[in-house]
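These notes concern the structure reproduced below.
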Amino acid sequence: MAAKNRSVFFCTNCGYESSKWMGQCPGCKQWNTFSEETVVVSSKSSGNAVHKGAVVVGLDEISLEREDRITTHIKELDRVLGGGLVAGSLTLVGGDPGIGKSTLLLQVCRMLSLDGIKVLYISGEESLKQIKLRAQRIGEFNANMKLYCETTLSLIEDVIRKEKPEVVVIDSIQTMYNEDISSAPGSVSQVRETTGKLLQIAKGENISIFIVGHVTKEGTVAGPRVLEHMVDTVLYFEGERHASYRILRSVKNRFGSTNEIGVFRMEENGLNEVLNPSEYMLLGKPTGVPGSIVSCSMEGTRPLLIEIQALVCTTNFGIPRRQCIGTDFNRVNLLMAVLEKRLGLQMGSCDAYVNIAGGIKITEPAIDLGIALAVISSFKNIVIDDKMVAVGEIGLSGEVRAVSMITSRVNEVIKLGFDTIIVPGVNMDDLKDIRDKKNIRIVPAYNVQDLVSLDI
Ligand code: TYD
Ligand code: MG
């Protein structure tokens, strides 16, 4: 059957396919993300992960004795990957341009090659000299690390099959070009087909492949979300470009738990691990000022202490302004409504700003109590004790609801030298042991009304 050209519209954000242009994507609800691409329809199917030599096996014949995990010697990364890199896996590393994706992967390549693993770093973005300059900042490399600057997929495939590396890095997927597809590099169909091909190579040759995917706000190139469903693991880099710390978050992991985070700091010699993130997140916390409190959120299995700041002030315009950085805007509005109704705080003519210090994003409801206390403290101009932490979810009737893993949270709070923690009253039973043994004041809160009587 002869190949036929067809014009299709794709959403560059999520990859939604449509035969006509649309203003808003029905898939991800983003506006102005559709772009037209020509796809070749042929009888040959592509992007199929099953290679020719595949054999059918029974589930009972598969042995799990040998754990095919490779450690990257970067603890924070191993943790996010679920205990190391799995052989033959496809990992997507997404993030804004300039956040540190290439730097991290170059460091991974360095550690692996020092360990005697054959690594191939394929760059479509930088020249060999540029990579060398970056590598010099990171440290010494050895001969197991090979570089290749190319964007044509067929050539890349040949080199991989010839060199037989164990780990490959593709930097970035948006620059790669598959000649079988007529659309430009970075378009949805190119990005998808190229990833399909890489998937075939990874599974067929048992090579672990890292794919770098840029997130772009303009929607001019296909974002990494387009290929989330195709790869085994999806990691996203978060963080403010001007702040030095970076958070690596796993949003999908076929070989481990999601929502684990790795914390790094961008320094002169590349990304360095932050071994005690709570301490790091609280650096520079002001003392003796209203509107600031520490709360504790669980990031995967790890408790993380963060500072919540609120500023409530009289509005200068008719309509009060509400703004929120680092947490859910609607949740903050809801909490303020609860405080107005249940505590009678008249904040209707006030602007309110809530900020999670450090630029990290936390959406866990367990920080509700912290947000509420920060807002009350700023509104009433009362300073909250610096050695106090608050955790708890707040419901619409003002009740303080239980949070998960309360003991890990309290232990982290003790470890960092705080002396008081406000916890949901319903969690008190779980804390019996700690209450007796450790030197910490645990204050139960059953309802937001309890916050008024607290000695803060
Ligand atoms: P990069 O890894 O190129 O980002 P991406 O691949 O995600 O686009 O990161 C580049 C930024 O990191 C750049 O602003 C310079 C900074 N950087 C350092 O601060 N220290 C270093 O050792 C390196 C290599 C980069
Ligand atoms: Mg890069």
Side-chain angles (χ1 to χ4, degrees), residues 72-74 76-77 80-81 91-114 119-141 145-151 156 167-177 185-186 190-191 194-195 198 209-228 231 233-251 261-274 280 283 358-361:
T72 62
H73 296 287
I74 301 176
E76 294 291 295
L77 178 65
V80 182
L81 288 171
T91 308
L92 174 68
V93 181
D96 292 332
I99 196 125
K101 301 179 293 296
S102 307
T103 308
L104 177 71
L105 290 177
L106 206 58
Q107 284 178 270
V108 171
C109 288
R110 171 169 180 263
M111 297 312 280
L112 292 175
S113 59
L114 292 180
V119 184
L120 179 62
Y121 186 99
I122 301 167
S123 179
E125 300 204 331
E126 290 158 312
S127 67
L128 292 170
K129 281 218 175 80
Q130 281 173 308
I131 300 173
K132 174 82 186 171
L133 281 176
R134 187 202 300 267
Q136 273 178 343
R137 295 172 70 167
I138 292 171
E140 294 287 315
F141 282 76
M145 157 99 183
K146 294 272 189 322
L147 287 175
Y148 183 44
C149 287
E150 185 53 65
T151 55
I156 291 175
V167 177
V168 171
V169 174
I170 304 284
D171 190 0
S172 67
I173 192 71
Q174 282 107 348
T175 54
M176 296 300 150
Y177 182 69
Q190 273 290 354
V191 164
T194 311
T195 310
L198 292 170
I209 304 186
F210 282 102
I211 296 177
V212 171
H214 290 296
V215 176
T216 51
K217 299 219 166 53
E218 302 80 32
T220 42
V221 293
R225 282 195 57 196
V226 170
L227 25 120
E228 274 181 4
V231 299
T233 307
V234 180
L235 310 179
Y236 276 107
F237 248 125
E238 280 174 17
E240 300 285 317
R241 272 189 76 171
H242 33 266
S244 67
Y245 84 91
R246 303 280 186 269
I247 288 177
L248 191 65
R249 197 183 285 276
S250 126
V251 293
I261 61 163
V263 186
F264 296 91
R265 207 166 30 198
M266 181 63 97
E267 283 170 343
E268 279 302 293
N269 60 346
L271 287 159
N272 290 321
E273 302 169 56
V274 174
Y280 190 64
L283 274 183
I360 187 173
K361 287 188 190 67

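Predicted model only: the values in this text are computed from it and were never measured. Whatever order the structure lists them in is the order used to number ligands and atoms, beginning at 1.
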[atom]: nearest protein contact (heavy atom, Å):
| atom | answer |
| --- | --- |
| atom 11 (C) of ligand 1 | G98 O, 3.6 Å |
| atom 23 (C) of ligand 1 | R137 CZ, 3.7 Å |
| atom 2 (O) of ligand 1 | T103 OG1, 2.6 Å |
| atom 4 (O) of ligand 1 | G100 N, 3.1 Å |
| atom 24 (C) of ligand 1 | R134 CG, 3.5 Å |
| atom 22 (O) of ligand 1 | G270 N, 2.7 Å |

Are any side-chain N or O atoms of [X] and backbone N or O atoms of [Y], one a donor and one an acceptor, separated by less than 3.5 Å?
| X | Y | result |
| --- | --- | --- |
| Q174 | H214 | yes |
| Y121 | L105 | no |
| R246 | M266 | no |

Please confirm whether [X] comes within less than 3.5 Å of ligand 1 when only nitrogen or oxygen atoms on both sides are compared.
| X | answer |
| --- | --- |
| I138 | no |
| M266 | no |
| S102 | yes |

- Quick check: does T103 have an N/O/S atom under 2.8 Å of the Mg ion (ligand 2)? no
- Item | With F237, the side chain to side chain contact (heavy atoms under 4.5 Å, CB included) member among D96, I247, L104 | L104
Where ligand 1 meets [X] - atom numbers and elements under 4.0 angstrom, heavy-atom basis:
| X | answer |
| --- | --- |
| E268 | 20 (N), 21 (C), 22 (O) |
| N269 | 22 (O) |
| E267 | 18 (C), 19 (O), 20 (N), 21 (C), 22 (O) |
| P97 | 8 (O) |

- Mind checking the CG-CG spacing from L147 to L128? Nearest 0.5 Å is all I need. 6.0 Å
- Task: Please check atom 18 (C) of ligand 1 for a protein heavy-atom neighbour under 4.0 Å.
- Result: yes
- Would you say atom 15 (C) of ligand 1 has a protein heavy atom nearer than 4.0 Å? no
- Basic-acidic side-chain contact under 4.0 Å: E238, R249: yes
- Task: Verify the distance criterion only: is there a donor paired with an acceptor across the side chains of E125 and S172 at less than 3.5 Å?
- Result: yes
- Item | Option from K132, K101, R134 for which salt bridge (Lys or Arg N to Asp or Glu O under 4.0 Å) with E126 holds | R134
- Item | Over 12 foreign heavy atoms within 6.0 Å of CD, E267 | yes
